[in-house]
Structures are given as structure tokens and as C-alpha cells.
Amino acid sequence: MTDRELTIVSLYPRDMNIYGDRGNVLALTRRATAQGFSPRVVEVNPGDPMPESVDIVVGGGGQDSGQGRVALDLGVRADEIRALAADGVPMLMICGLYQLFGHRFVTHQGEELTGIGVLDVETLGGTERMIGNIVLDTSEFGEIIGYENHSGATTLGPGSQPLGRVVQGAGNAPGAGFEGARTGNVIGSYLHGSLLPKNPALSDFLIGEAARRRYGTFTPVAADSDLVRNARASAKKRPR
Ligand code: GLN
């Protein structure tokens, strides 16, 4: 059944790709293949058209300067991305793009970057950097393990739910107790690392929702491996 194509859009890989975020696209591609699909990755940088059919959208983090560049382009395609999100296209946005998928990000210098409001969050740049290994507890994906590095402090409105409860680390803001945000099938998170290689349950969520939307069904194949289990265990043991 490898003829079932899934188109993965890698959003702004040129500007928004730090701390190994590109690994999310690689992990997703591998996992989709293991789940019996033919993944096709389309990189969309500022000015590039979206492919005609979009099954999954993945975006990463960046410096404030990179965020400024992509915020303008994101504004131009806001309606298109909102429509895809409303249609159930699963998306994973890390750090800088998590912030820009919210309503706005105000940098620590007071510059306001307008977001596209797919997630009901807003972010204020702070002086305290939240850096280190982080562990979350989630009801849907089990334990999530990653690495955070941000100074933006994010607050959620009623239209988004947190991705998980912080077991170790900071999360959305100092003392927030929660990390990430989710509205429908769109997930925003501060977790780099890369996130997906160590958290296949999240990859399977993205692939499963995409497959159900395009093909009507998804029968997951157990694809966990010792490699993943060892990577999770070793990342979890690392000090903050
Ligand atoms: N500029 C943002 C912050 O520090 C994004 C950081 C990132 O994407 N790693 O909060």
C-alpha cells in the first residue's frame, strides 16, 4: 500500500530551523514510510507557492530576525493556512513558528510581530531564557521528552488547550506548569531536540490524522524500536 502519498510541507526551513528542527521532517518521513505511506516533502520558503494538496505542515524555530522575515510572508498566506487548519490538516509548529501561529509575538525590544491566530495564544519576549531538557505528561501522547530554549513567555486563551503538563522544565512561561498549545489538529510547542525522533506518538498522530482526512482510515503499524526507547531514556536522564 505504498502508493498512498502524503505531502508534508516543511514551512520556512531556510529561516526557521534551529536546534535540529529539520529532524522532525526526517523522522516524520521515515515514520510515514514505516506506516505504509509514500511521503513527499515540499519545502515552502517565503514567496514559494503551497503545493496543491497538503497533508501535514511542519515548522521550526528561529531567531527573532528570522521570525520578522517569515511573519510578513505568513501574513500573506494566513487565510490559506487557516483554511487548511479548519479543514483538519495536522500541523506541528515549534518555538518561533509556534509563537507566530498565535495572535502576536512582542519581542523583548518591544517590536510586535503579528501572527495568524490559528492558535489562541500570545507571546511576550522576556529577559529570562528558559533553556534545558524538558519532560511533559500528556493524556493523549504519554510522556513527551524534548529540549526548550526560548525567552518568549506564552499565554493561552480559551480556544487552545495546553499540549501537556510540565514534569521537568519551564514550559510556556516561567512557572506556567504547562507546555504547548493545541487547537483542533494544530499543535504548537517549544520543544526542540528534535522532538519527533524521540516522540513517535506525535508523529503517528500527525500521520494518522492526515491519513484519515485523505484516505478515510488509518491502521497504525507498531513501529517503536529499541533505538527510540534508548533515545528517550537517555534524554530523560540528562540534567536540566
Ligand atoms: N525568539 C523566540 C524566543 O526566544 C524563538 C526562539 C526559538 O525559536 N528557539 O522566544
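Numbers here simply count residues along the sequence, with the first being 1.
In this structure the side chain of Phe205 never reaches within 4.5 angstrom of the side chain of Asn199, judged on heavy atoms. Considering only heavy atoms from C-beta on, Arg213 comes within 4.5 Å of Asp87 through its side chain. Looking only at side-chain heavy atoms (C-beta outward), Ile81 and Met91 come within less than 4.5 Å of each other. Here the side chains of Val9 and Met50 are in contact, with some heavy-atom distance below 4.5 Å. Using a 4.5 Å heavy-atom cutoff, the side chains of Val54 and Thr7 are not in contact.
Under the 3.5 Å distance criterion, the side-chain polar atoms of Asp48 are matched with a main-chain donor or acceptor of Asn45. Between the side chain of Arg40 and the main chain of Glu5, no donor-acceptor pair closer than 3.5 Å is present. A donor-acceptor pair is defined here as one N or O able to donate and one able to accept, closer than 3.5 Å; no such pair exists between the side chain of Asn133 and the backbone of Tyr147. Within the 3.5 Å criterion, the main-chain N or O of Pro197 finds no donor-acceptor partner in the side chain of Ser194.
Residues Ala235 and Ile145 share a closest heavy-atom pair of CB-CG2, 3.7 Å. Of all heavy-atom pairs between Ala211 and Phe37, the closest is CB-CZ, 3.5 Å. Residues Asp120 and Pro158 share a closest heavy-atom pair of OD2-N, 3.2 Å. Between Pro162 and Leu156, the closest heavy-atom pair is N-CD2, 3.4 Å. In this structure, Arg31 and Ser203 approach most closely via the heavy-atom pair CG-CB, 3.8 Å. The two residues Pro46 and Val70 have their closest heavy-atom pair at CG-CG1, 4.4 Å.
For the atom pair Leu6 CG and Ile56 CD1, the distance stands at 5.5 Å (nearest 0.5 Å). In this structure, the separation between CG on Leu74 and CG on Leu100 is 6.0 Å, given to the nearest 0.5 Å. Taking OH of Tyr190 as the start and OG1 of Thr123 as the end, the distance is 4.0 Å to the nearest 0.5 Å. Interatomic distance, CD of Gln67 versus CG of Leu113, reported as 6.5 Å (0.5 Å rounding). Residue Asp137 holds its CG atom at 10.5 Å from CG of Leu163, rounded to the nearest 0.5 Å. Atom CD of Glu112 is separated from atom CZ of Arg104 by 4.5 Å, given to the nearest 0.5 angstrom.
Listed by first and then second residue, the salt bridge (charged side-chain N to carboxylate O under 4.0 Å, His left out) pairs that reach into residues 52-67 are Asp55-Arg214, sequence neighbours excluded. The salt bridge (charged side-chain N to carboxylate O under 4.0 Å, His left out) contacts involving residues 141-159 comprise Glu143-Lys236, Glu148-Arg240, where partners must be two or more places apart or lie in separate chains.
When the shell of 6.0 Å around CD of Gln63 is examined, it contains 12 or fewer heavy atoms from other residues, nucleotides or ligands. Residue-environment remark: CZ (Arg30) stays at or below the threshold of 12 foreign heavy atoms within 6.0 Å.
Listed by chain and residue number, Tyr19 satisfy the ring pair (Phe, Tyr, Trp, His ring centres under 6.0 Å) test with His192 (two or more places apart in sequence, or in another chain). Residues forming a salt bridge (charged side-chain N to carboxylate O under 4.0 Å, His left out) with Arg14 (at least two apart in sequence, or on another chain): none. Under the salt bridge (charged side-chain N to carboxylate O under 4.0 Å, His left out) criterion, Arg232 pairs with no residue, sequence neighbours left out.
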Please set out all donor-acceptor pairs under 3.5 angstrom arising from side-chain atoms of residues 182-189, sequence neighbours excluded.
{"residue": "Arg182", "atom": "NE", "partner": "Gly184", "partner atom": "O", "Å": "2.8"}
{"residue": "Arg182", "atom": "NH1", "partner": "Glu140", "partner atom": "OE1", "Å": "2.5"}
{"residue": "Thr183", "atom": "OG1", "partner": "Gly159", "partner atom": "O", "Å": "2.8"}
{"residue": "Thr183", "atom": "OG1", "partner": "Ser160", "partner atom": "OG", "Å": "2.6"}
{"residue": "Asn185", "atom": "ND2", "partner": "Gly88", "partner atom": "O", "Å": "3.0"}
{"residue": "Asn185", "atom": "ND2", "partner": "Glu209", "partner atom": "OE1", "Å": "3.4"}
{"residue": "Ser189", "atom": "OG", "partner": "Glu179", "partner atom": "OE1", "Å": "3.1"}
{"residue": "Ser189", "atom": "OG", "partner": "Glu179", "partner atom": "OE2", "Å": "3.4"}
{"residue": "Ser189", "atom": "OG", "partner": "Leu191", "partner atom": "N", "Å": "3.0"}

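No chain of hydrophobic side-chain contacts below 4.5 Å, direct or via other Ile, Leu, Val, Met, Phe, Trp or Tyr residues, connects Met93 to Met130. Residue Tyr12 is not grouped with residue Ile18 when hydrophobic side chains (ILVMFWY) are merged at heavy-atom distances under 4.5 angstrom, including chains of intermediate members. A continuous path of ILVMFWY side-chain contacts below 4.5 Å connects Val58 to Val41, so both sit in one hydrophobic cluster. Under the 4.5 Å side-chain heavy-atom criterion for Ile, Leu, Val, Met, Phe, Trp and Tyr, Leu28 and Tyr215 are members of the same hydrophobic cluster. A chain of hydrophobic side-chain contacts below 4.5 Å, direct or via other Ile, Leu, Val, Met, Phe, Trp or Tyr residues, connects Phe101 to Leu84.
Side-chain contact annotation: Asp204 with Gln35, donor-acceptor N/O pair under 3.5 Å present.
Each of Leu26, Leu92, Asp21 was evaluated against Leu196; a single residue qualifies, Leu92, per the side chain to side chain contact (heavy atoms under 4.5 Å, CB included) test.
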